[in-house]
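Some notes on the structure that comes next.
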Amino acid sequence: MATEDKNRATAAAILPLVGGAANVSSIAHCMTRLRLGLHDRSLVQDDALKAVPAVMGVVEDDTYQIVLGPGTVARVTPEFEKLVEEGRTEAPAPASSPAPAPADAAPLTAEELAAQGAAMKAARKAKNATPFKLFLRKIANIFVPLIPALIGCGIIAGLNGLLVNLEWLPSVTPALAAMASGFMALIAVFVGYNAAKEFGGTPILGGAVAAIIVYPGVANIEAFGQKLSPGQGGVLGALGAAVLAVYVEKWCRRWVPEALDVLVTPTLTVLISGLVTIFGLMYVAGEVSTAIGDFADWLLSNGGAGAGLILGGFFLPLVMLGLHQALIPIHTTLIEQQGYTVLLPILAMAGAGQVGAAIATYFRLPRNESIRKTIKSALPAGFLGVGEPLIYGVSLPLGRPFITACVGGAFGGAFVGFFNQLGDAVGSTAIGPSGWALFPLLDGNHGLGATIAIYAGGLVVGYLAGFLATYFFGFSKELLAEFNVSQEDPAPTATATQDPAATAQKAPASV
């Protein structure tokens with residue numbers, strides 16, 4: 001009961017700070033974030049939200065995202081939904097924009113730094129509103145709801161593999177194998193359902209068309225001179241089939257008389273989309289999926305260290321640009337084909353570099369108690385792979401530490417990629433987690449012990465490289481003069497005789 005009270009208290013603290021129930025248009029959550037659709041963004045009190053103990057940070061994108069962390073967000077969201085529903089039954093009180101917070105007397109604080117990060121995020125969001133990136137967001141929205149099942153089934157698969165290798169509980173392992181494999185065998189149906197929903201069609205029709213791909217009877221059908229196989233084309237075929245179904249359904253809605261719509265539209269949608277899927281999409285998507293797997297294997301086998309350096313080093317900027325969403329179907333395809341994705345452990349090294357950079361920042365700013373407090377509170381989440389508080393609250397607005405964090409990720413990625421090049425594949429059976437949270441999901445081709453050791457070694461390299469690069473190259477003299485200031489020091493004034501660098505304007509530091 002105490003836990004439920006705590007989650008409800010968190011939800012109750014958040015609701016008025018986002019403008020109340022009347023201002024909330026939609027509620028959803030992913031692994032770490034409460035995602036809210038808001039009618040009026042100006043009613044949100046960002047600074048007060050960040051001060052709520054359970055809130056790790058806020059991110060503004062196509063939805064307003066409140067970072068609560070894994071586990072917590074899944075418990076707070078239902079309580080938040082209840083409060084919103086209760087609030088809508090009452091007469092909404094007139095809301096007004098929050099009064100601006102008074103200027104802080106301290107030279108520079110973590111709150112001001114976080115505000116700079118939020119401003120940079122908002123500017124980036126405006127640049128990211130291109131048709132291509134909006135399309136990538138749709139793709140992400142299709143796959144993100146599947147992540148909890150991928151994680152759960154992935155951990156069960158890892159446990160089952162361990163028991164099989166140890167020859168323990170032979171009567172239980174077949175049941176575990178069924179639990180781990182059942183979802184993956186039907187993942188195409190879930191992708192089709194979500195895709196149709198996201199693109200504005202009837203979700204169940206998208207799932208029905210995608211189900212054709214995994215139906216065993218397709219083995220009796222010949223296309224392009226060869227027999228089809230159940231599952232051919234995988235999630236990519238399911239995605240294409242469902243999107244096609246949406247367009248066929250919309251076409252039918254325009255031309256079919258209303259009296260016949262309930263009979264004709266679903267029939268034509270499944271018939272036309274199904275025929276195209278069987279005699280076209282399954283073959284094409286199968287070839288594309290095979291090419292993705294072959295290319296990933298070739299890339300890491302022939303240039304593992306170099307590929308790891310590039311992937312680990314550029315993943316944080318990729319996230320900043322929103323382009324990382326394009327990798328979600330690739331990860332899922334590799335998991336479907338090989339049982340794990342070899343890309344995720346390498347990309348996870350970006351988070352290790354970020355943690356190392358944050359620790360170095362902590363030591364380089366010994367007088368700025370505010371920023372050091374932020375780092376201490378955000379580091380545990382950072383070790384578990386939740387990097388938003390450190391990115392948007394510390395390294396990105398500081399400038400140089402963000403670059404040196406990327407350097408740490410590059411070295412960690414190169415380490416893992418090098419072992420892939422030697423033939424020791426390190427993969428993850430699910431997407432979503434990183435950092436220490438990825439350990440239960442690791443898998444490879446040379447035993448679990450070797451896989452864990454390589455991944456752990458990559459994390460250590462990423463931590464050290466991020467720390468050293470940030471400690472020695474992450475702060476210029478001007479940056480230290482601006483930020484290595486105690487809140488207890490007198491506030492700078494126009495007539496002060498202190499170091500001129502301490503009176504620098506509160507703008508993002510140059511890199």
Side-chain angles (χ1 to χ4, degrees), residues 57 59 113-114 116-117 120-121 123-124 127-128 299-300 303-327 343-365 371 374-375 378-379 381-418 420 426 433-436 438 455 457-476 479-480 483 508-511:
V59 178
L113 194 63
Q116 293 174 7
M120 296 169 75
K121 178 64 179 178
R124 188 170 293 104
K127 293 181 180 179
N128 282 350
L299 181 66
L300 295 179
L309 185 81
I310 294 172
L311 290 171
F314 282 93
F315 187 62
L316 286 181
L318 210 62
V319 172
M320 299 301 102
L321 296 172
L323 298 178
H324 66 296
Q325 294 165 343
L327 298 174
L343 298 180
L344 186 58
I346 292 176
L347 299 175
M349 295 302 115
Q354 174 64 53
V355 168
I359 296 173
T361 300
Y362 181 88
F363 285 106
R364 290 291 275 162
L365 302 178
I371 293 178
T374 296
I375 293 172
L379 268 179
F383 279 113
L384 292 174
V386 182
E388 292 94 342
L390 291 175
I391 293 173
Y392 296 112
V394 181
S395 66
L396 184 61
L398 282 173
R400 279 195 183 185
F402 179 76
I403 295 175
T404 52
C406 294
V407 172
F411 276 86
F415 181 89
V416 177
F418 175 72
N420 274 273
V426 178
S434 62
W436 294 0
L438 197 61
Y455 180 73
L459 288 178
V460 171
V461 170
Y463 295 151
L464 289 175
F467 177 88
L468 294 173
T470 305
Y471 192 88
F472 291 106
F473 305 104
F475 289 87
S476 63
L479 199 62
L480 285 174
F483 284 95
S510 62
V511 300

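Numbers for residues simply follow the sequence, beginning at 1. No experiment lies behind these values; they were computed from the predicted model shown.
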Query raised in the report: Can you name the nearest heavy-atom pair linking Leu438 to Pro433, along with the distance?
Result: CD1-O, 3.4 Å
Report task. Flag yes if more than 12 heavy atoms outside Phe411 fall under 6.0 Å of its CZ atom; otherwise flag no. Result -> no
Report summary line: What one should report as the nearest heavy-atom pair of His324 and Val319 is ND1-CA, 3.5 Å
Query raised in the report: Once you round to the nearest 0.5 Å, how far does OG1 of Thr361 lie from CZ of Phe467?
Result: 9.5 Å
Query raised in the report: To the nearest 0.5 Å, what is the distance between CG (Leu479) and CZ (Arg364)?
Result: 9.5 Å
Query - Heavy-atom pair with the smallest gap, counting every atom of Pro317 and Phe402 - result: N-CZ, 4.2 Å
Query - Minimum-distance pair of heavy atoms, taken over all atoms of Gly408 and Ala465 - result: CA-CB, 3.7 Å
Report task. Grab the two heavy atoms, one from Ala360 and one from Thr470, that are nearest each other, plus how far apart they are. Result -> CB-CB, 3.6 Å
Report task. Would you sort out whether Leu300 and Ile346 count as a side-chain contact (heavy atoms from CB on, under 4.5 Å), showing the intermediate values? Result -> CA-CA 10 Å; Leu300 295 179; Ile346 292 176; 3.7 Å; yes
Query raised in the report: CG/Leu480 to CZ/Phe475 distance, rounded to the nearest 0.5 angstrom?
Result: 6.5 Å
Report task. Please confirm whether the backbone N or O of Gly466 pairs with a side-chain atom of Tyr471, one donor and one acceptor, at under 3.5 Å? Result -> no
Report summary line: Between Ala357 and Pro401, the two heavy atoms sitting closest are CB-O, 3.8 Å
Query raised in the report: When you look at Arg400 and Phe473, which way does the side-chain contact (heavy atoms from CB on, under 4.5 Å) test go after all the steps?
Result: CA-CA 8 Å; Arg400 279 195 183 185; Phe473 305 104; 6.0 Å; no
Report summary line: Rounded to the nearest 0.5 Å, the CG atom of Leu299 sits from the CG atom of Leu343 at a distance of 8.0 Å
Query raised in the report: How far apart are the C-alpha atoms of Leu459 and Trp436, what are their side-chain angles, what is the distance that settles it, and do they pass the side-chain contact (heavy atoms from CB on, under 4.5 Å) test?
Result: CA-CA 9 Å; Leu459 288 178; Trp436 294 0; 3.8 Å; yes
Report summary line: dist Leu327:CG -> Leu311:CG (nearest 0.5 Å) comes out at 8.5 Å
**Report entry** Verdict with reasoning, Tyr455 to Met349, per side-chain contact (heavy atoms from CB on, under 4.5 Å)
**Finding:** CA-CA 9 Å; Tyr455 180 73; Met349 295 302 115; 3.4 Å; yes
Requested in this report: To the nearest 0.5 Å, tell me how far Leu379 CG sits from Ile359 CD1.
Outcome: 5.5 Å
